[in-house]
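Please read the structure below before turning to the comments.
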There are 2 protein chains.
Amino acid sequence: MVKVRKSKVDPPCNGECPLSDCMRLIAGAWAPHVIWYLREGPRRFSELKGDIRAVTAKVLAERLRQLEADGVVHRQVMQTSPPTVEYSLTELGAELTPAIAAIVSVSERLKRQRGRLGA
Amino acid sequence: MVKVRKSKVDPPCNGECPLSDCMRLIAGAWAPHVIWYLREGPRRFSELKGDIRAVTAKVLAERLRQLEADGVVHRQVMQTSPPTVEYSLTELGAELTPAIAAIVSVSERLKRQRGRLGA
DNA sequence: CAGCATCCCTCATGATACTG
DNA sequence: CAGTATCATGAGGGATGCTG
């Protein structure tokens, strides 16, 4: 499911392609959003779902699992009366935020300067 | 690989989602690579194809066109005996490079520190 | 609340071949 | 060289419904 097979081809960058490697971490719809919304602290499943309105529970769960498997997010089950689950960024996940922040920063700058992205 | 497919759904963040907007710019396989390999200067079509071994001419052309449409790259037809085409980053494209560099940086750090991505 | 199971379906990607 | 045209593919995503 998290398989990205089909790699009969040689690695794009001979022997080393950090770009592809890291892009894989934030690949998949909404993955960047999850990281983004977790940057300020832990969030519960439904909170994230509320943050990212357009995502479905299925995809959100999938993404969360993939990110967890990749060591990007940590999953903490809270033994409360109605069991809740809190997700938070791991150290690895935290390292990703600057990259995402850079992307957001570019976009915001573009919006202000040229209104390009809206077109 | 590097699948960051664009979503057809409405922007998740009501009225403002810089993340989605910018992700769209670098969406599509190999788009980040193109930007990356153009960061040091103009490259011709076949040069890019050589840089990014695993990409097919079709996809590379598609990506270049999309990036051109987005104002990320500039296309310059050189009127030489065998007509060549040079691609270069626009100002907008140049703004994207720090973001990509951030991603690469994270990945390299991870590789050194934990060897996580290889697993 | 926090998921998982299913079905379906788009569409970007890849392979191959052809052209100016 | 620098593409374009076609065809095929299948993984990822969406919708809906069910469970502990």
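FYI, side chains are in, hydrogens and waters are out, and symmetry mates aren't considered; it's all heavy atoms of this structure.
The main-chain N or O of Trp36(B) is found under 3.5 Å from a side-chain atom of Arg39(B) such that the two form a donor-acceptor pair. Of the possible donor and acceptor atoms, none in the side chain of Ser46(A) sits under 3.5 Å from a partner among the backbone N and O of Lys49(A).
For Lys58(B) against dG3(D), a side-chain-to-base donor-acceptor contact under 3.5 Å is absent.
Phosphate contact (OP1/OP2 of dA2(C), side-chain N/O of Arg44(A), threshold under 4.0 Å): present. Taking 4.0 angstrom as the limit, Tyr87(B) places none of its side-chain polar atoms (N or O) nearer than this to OP1 or OP2 of dC1(D).
Of the residues in residues 74-86 of chain A, those placing a heavy atom less than 4.0 Å from an atom of DNA chain C are Arg75(A), Pro83(A), Thr84(A), Val85(A), in numerical order.
Distance Leu48(A) CG to dG3(C) C1': 14 Å, rounded to the nearest Å. We find that CD of Glu47(B) is positioned 8 Å from P of dA2(D), with the value rounded to whole Å. The CH2-C1' distance, from Trp30(A) to dG14(D), rounds to 11 Å in whole Å. The nearest whole Å value for the distance from the NZ atom in Lys49(B) to the P atom in dA2(D) is 11 Å. In this structure, Arg43(A) atom CZ and dA2(C) atom C1' are separated by 15 Å, rounded to whole Å. A straight line from CZ of Arg53(A) to C1' of dG14(D) spans 18 Å, rounded to a whole angstrom. Atoms CG (Leu64(A)) and C1' (dG3(C)) sit 10 Å apart, rounded to a whole Å. One atom, CD of Gln66(A), and another, P of dA11(D), lie 15 Å apart when rounded to the nearest Å.
When each of dT4(D), dG3(C), dA2(D) is scored by its nearest atom to the side-chain atoms of Ala61(B), the top-ranked nucleotide is dT4(D). Taking only side-chain atoms of Arg63(B), from C-beta outward, the nucleotide of dC1(D), dG3(C), dT13(C) with the closest atom is dT13(C). Nearest to the side chain of Arg65(B), among dG3(D), dT13(C), dG3(C), sits dG3(D).
Atom-to-atom distance recorded for Trp30(B):CH2 and Asp51(B):CG is 12.5 Å, nearest 0.5 angstrom. One finds the CD1 atom of Ile26(B) at 6.0 Å from the CD1 atom of Ile26(A) (value rounded to the nearest 0.5 Å).
Between Tyr37(B) and Arg43(B), the shortest heavy-atom contact is O-CG, 3.7 Å.
Considering only heavy atoms from C-beta on, Leu25(B) stays 4.5 Å or farther from Val106(A) through its side chain. Taking 4.5 Å as the limit, some side-chain heavy atom of Leu64(A) sits within range of a side-chain heavy atom of Phe45(A).
Residue Phe45(B) is the one, among Phe45(B) and Val59(A), whose nearest nucleotide of DNA chain D lies closer to the 5' end (criterion: closest heavy atom).
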